[in-house]
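To start, the structure itself, in structure tokens.
Chain naming here is simple, since letters A, B, ... match the order of the sequence lines and numbering starts at 1 in each.
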Number of protein chains: 4
Amino acid sequence: MMNRVVLVGRLTKDPELRITPSGVPVASFTLAVSRPFSNQQGEREADFINCVVWRKPAENVANYLKKGSLAGVDGRVQTRTYDGQDGKRVYVTEVLAESVQFLEPRSASGDRGEGGYNNPPREQKASYSGGNNYQNQPPRSNNQGYSTDLDKDPFANSGQIDISDDDLPF
Amino acid sequence: MMNRVVLVGRLTKDPELRITPSGVPVASFTLAVSRPFSNQQGEREADFINCVVWRKPAENVANYLKKGSLAGVDGRVQTRTYDGQDGKRVYVTEVLAESVQFLEPRSASGDRGEGGYNNPPREQKASYSGGNNYQNQPPRSNNQGYSTDLDKDPFANSGQIDISDDDLPF
Amino acid sequence: MMNRVVLVGRLTKDPELRITPSGVPVASFTLAVSRPFSNQQGEREADFINCVVWRKPAENVANYLKKGSLAGVDGRVQTRTYDGQDGKRVYVTEVLAESVQFLEPRSASGDRGEGGYNNPPREQKASYSGGNNYQNQPPRSNNQGYSTDLDKDPFANSGQIDISDDDLPF
Amino acid sequence: MMNRVVLVGRLTKDPELRITPSGVPVASFTLAVSRPFSNQQGEREADFINCVVWRKPAENVANYLKKGSLAGVDGRVQTRTYDGQDGKRVYVTEVLAESVQFLEPRSASGDRGEGGYNNPPREQKASYSGGNNYQNQPPRSNNQGYSTDLDKDPFANSGQIDISDDDLPF
DNA sequence: TTTT
DNA sequence: TTTT
């Protein structure tokens, strides 16, 4: 009945942007959050926490964050389940981000000066405006919109075909 | 660099208490936390979040909580990894509880009037006092202390032989 | 850029419900949250945290919570400022509750069996439906709706005439 | 019974470091946390949240943070009360920081390249080692240790003579 | 001005 | 493998 998570950490790689069949953007990324204490070997470990974010902030994540970016997440812990390729049930625990904060001032962590508060997005994209306006985009072979990510089947490049509209929160 | 979780929900079953080889108690339990919104079918779903707690609060959890108890957890999201029985790496995301709150007033949720703030623990157990006082307990075949749980191999009754002293936080 | 609070505690008195000039309900209440440690005198102290909640959940708070109720709050820390009666600036720090959880199962804490999850509200009231439907209620002297609280000037019975539509979040 | 706050924001001015009569360091600072939404005038407001931190992290705050620094706080909401100079009770709500995170990479926000993760503290100071080792420092007129802040009465330069050992958490 |  |  209460479920709140707050994380600050760094993206382990560039976020991945997907579009559900009904046209809703979803971004997923992993945050590396180093632990505040050392282990028995005296090393500082990290937790690698999978995060998902939907709709408009999904686009922002895809546009402004990349591998190594410092980001804050405010959201909920979420569990879901899907049938693995080997036929057995897979249990997933991840963080559903309700908002994502960009904590990378200017080009502090970037190799090429992009990302950050006041900078233009990595590439200009059509903006999500709350409806299913993605549906009227040709699913492939177009040269704008989500082209870079989507000019291939959005669900083709990873093994996880387990994201569907059923996972939509709210 | 920041990692905080707060949960309130109900135990899906009785907590499990383990003792590491060096004598530290660990309890694990799953919290069912119902979502604040309904899905497309109009049903209220829940997240089933695995939690672990160490040392003294582990004992309290084992003594005062049971299936159905309402509990609050304040902790961190933690990821770990172990080699599954089939030889492939298993990734686990769970909540490391730093404190656990008993939110079940008196015997409100209990079938037999036990549990709750002011009630005696389910069975009187030797208390964890911060050291490795568990080490001087015979590992099996004793009739007090953690007997009910430990009079069998503490790691035998579940498939997860993946808890070791290496997982000890702090 | 991140601001999150989660509280679980008990109401120090019945919540107060107000309506802004433009017809938006606001409830305010104080949560007593006992500290997890004892002070130098060995006593367990508490923090008394003022909370505000707007719109629909404000009504629920007014209907379902009362002095002594156990409640959870998920929200943000908020500061505001107003001019005190003696002419000097007053600084207020409080919690803006985005959601409020009723943790009082059945009539566990109640003296009269009311409140709680499945029980009818203390008195049946017109429900807030997101618009300014309160505006078409006569501001005073009516005998239903928010009558019990509002049949007097909603801002008369306390010194704080500092709640206005300007404080509306979102 | 649960009380957790997480904040990320910027210091409104340099932190202030105090030492209690029994030699425990306390730092206080205010975080400006901008709100995630705009007000009716379309402006983005901020909350100005007073924070206190004790012992070792108090020293770190004093050494590594300054006006404008981006910082994260994980802690609790705390209320206390003291008698104002005009004889009437003053109620204070603030955040007791249990840990403070420095989110300012290198010299990104600094005017003079100091502060940040890997940089030396602003001035080298004796470190707090958990005991009351401050007591054996001459209370005034020394030229190192907490000199800059303490070579004057630690409680003289502000109106708040309301910090005492009684406020010590844990 | 504080709750169990 | 899930709780009220």
Side-chain angles (χ1 to χ4, degrees), chain A residues 1-3 78-81 88-93, chain B residues 7-16 28-35 43-51 65-73 94 101-111 115-119 157-160, chain C residues 7-16 28-35 43-51 65-73 94 101-111 115-119 157-160, chain D residues 1-3 78-81 88-93:
Chain A
M1 302 165 64
M2 302 193 80
N3 184 338
Q78 183 171 80
T79 58
R80 62 193 168 83
T81 237
K88 57 188 205 354
R89 207 128 207 73
V90 182
Y91 294 87
V92 178
T93 299
Chain B
L7 305 172
V8 173
R10 292 187 181 278
L11 293 242
T12 60
K13 25 187 222 290
D14 288 358
E16 291 188 35
S28 54
F29 56 94
T30 299
L31 274 191
V33 184
S34 48
R35 297 187 179 167
E43 313 147 337
R44 203 62 157 271
E45 291 175 271
D47 295 291
F48 300 98
I49 304 167
N50 296 322
C51 300
L65 296 180
K66 60 177 195 298
K67 179 175 178 174
S69 299
L70 186 69
V73 158
E94 66 204 353
Q101 219 50 38
F102 307 144
L103 299 172
E104 209 62 82
R106 27 230 147 202
S107 54
S109 86
D111 31 316
Y117 302 137
N118 324 297
N119 305 60
N157 54 345
S158 86
Q160 345 154 234
Chain C
L7 304 173
V8 173
R10 293 186 179 277
L11 292 242
T12 60
K13 25 186 221 287
D14 288 357
E16 293 188 35
S28 54
F29 56 93
T30 300
L31 275 191
V33 185
S34 47
R35 298 188 178 163
E43 313 147 336
R44 205 60 160 271
E45 291 174 271
D47 294 292
F48 299 97
I49 304 167
N50 296 321
C51 300
L65 296 181
K66 59 174 195 299
K67 181 175 176 172
S69 297
L70 187 70
V73 157
E94 66 205 353
Q101 220 49 39
F102 308 143
L103 300 172
E104 209 61 80
R106 31 227 146 207
S107 54
S109 85
D111 30 315
Y117 302 135
N118 323 298
N119 304 60
N157 55 345
S158 86
Q160 343 154 235
Chain D
M1 302 164 63
M2 302 192 81
N3 184 337
Q78 183 173 79
T79 58
R80 60 194 168 83
T81 237
K88 57 187 203 358
R89 208 129 204 73
V90 182
Y91 294 87
V92 178
T93 299

*Whole angstrom is fine here: how far is it from CZ in Arg10(B) over to P in dT3(F)?*
12 Å
*Of the listed nucleotides dT3(F), dT2(E), dT2(F), the one nearest the side chain of Thr30(C)*: dT2(E)
*Lys/Arg-Asp/Glu bridge criterion (N-O < 4.0 Å) met for Glu104(C), Arg10(C)*: yes
*Taking it one step at a time, do Thr79(D) and Val92(D) satisfy side chain to side chain contact (heavy atoms under 4.5 Å, CB included)?*
CA-CA 5 Å; Thr79(D) 58; Val92(D) 178; over 6 Å; no
*Considering only dT3(E), dT1(E), dT1(F), which nucleotide approaches the side chain of Lys67(C) most closely?*
dT3(E)
_Rounded interatomic separation in angstrom, taking CG from Leu70(C) and C1' from dT4(F)_ = 15 Å
*Minimum-distance nucleotide to Phe48(C) side chain [options: dT2(F), dT3(E), dT1(E)]*: dT3(E)
*For Met1(D) and dT3(E), give me the distance from atom CE to atom C1', rounded to whole Å.*
11 Å
*Measure from the side chain of Thr12(B), starting at C-beta and using heavy atoms only, and say which of dT2(F), dT1(E), dT4(E) lies closest.*
dT2(F)
*Which whole-number value in Å describes the distance from Met2(A) CE to dT4(F) P?*
20 Å
_If I take atom CD in residue Glu45(C) and atom P in nucleotide dT2(E), what distance separates them, rounded to the nearest angstrom?_
13 Å
_How many whole angstroms separate atom NZ of Lys13(C) from atom P of dT3(E)?_
10 Å
*asked:* Using whole Å, what does the distance between atom P of nucleotide dT3(F) and atom CZ of Phe102(B) come to?
replied: 21 Å
*Value in whole Å for how far the C1' atom of dT2(E) lies from CG of Leu31(C)*: 11 Å
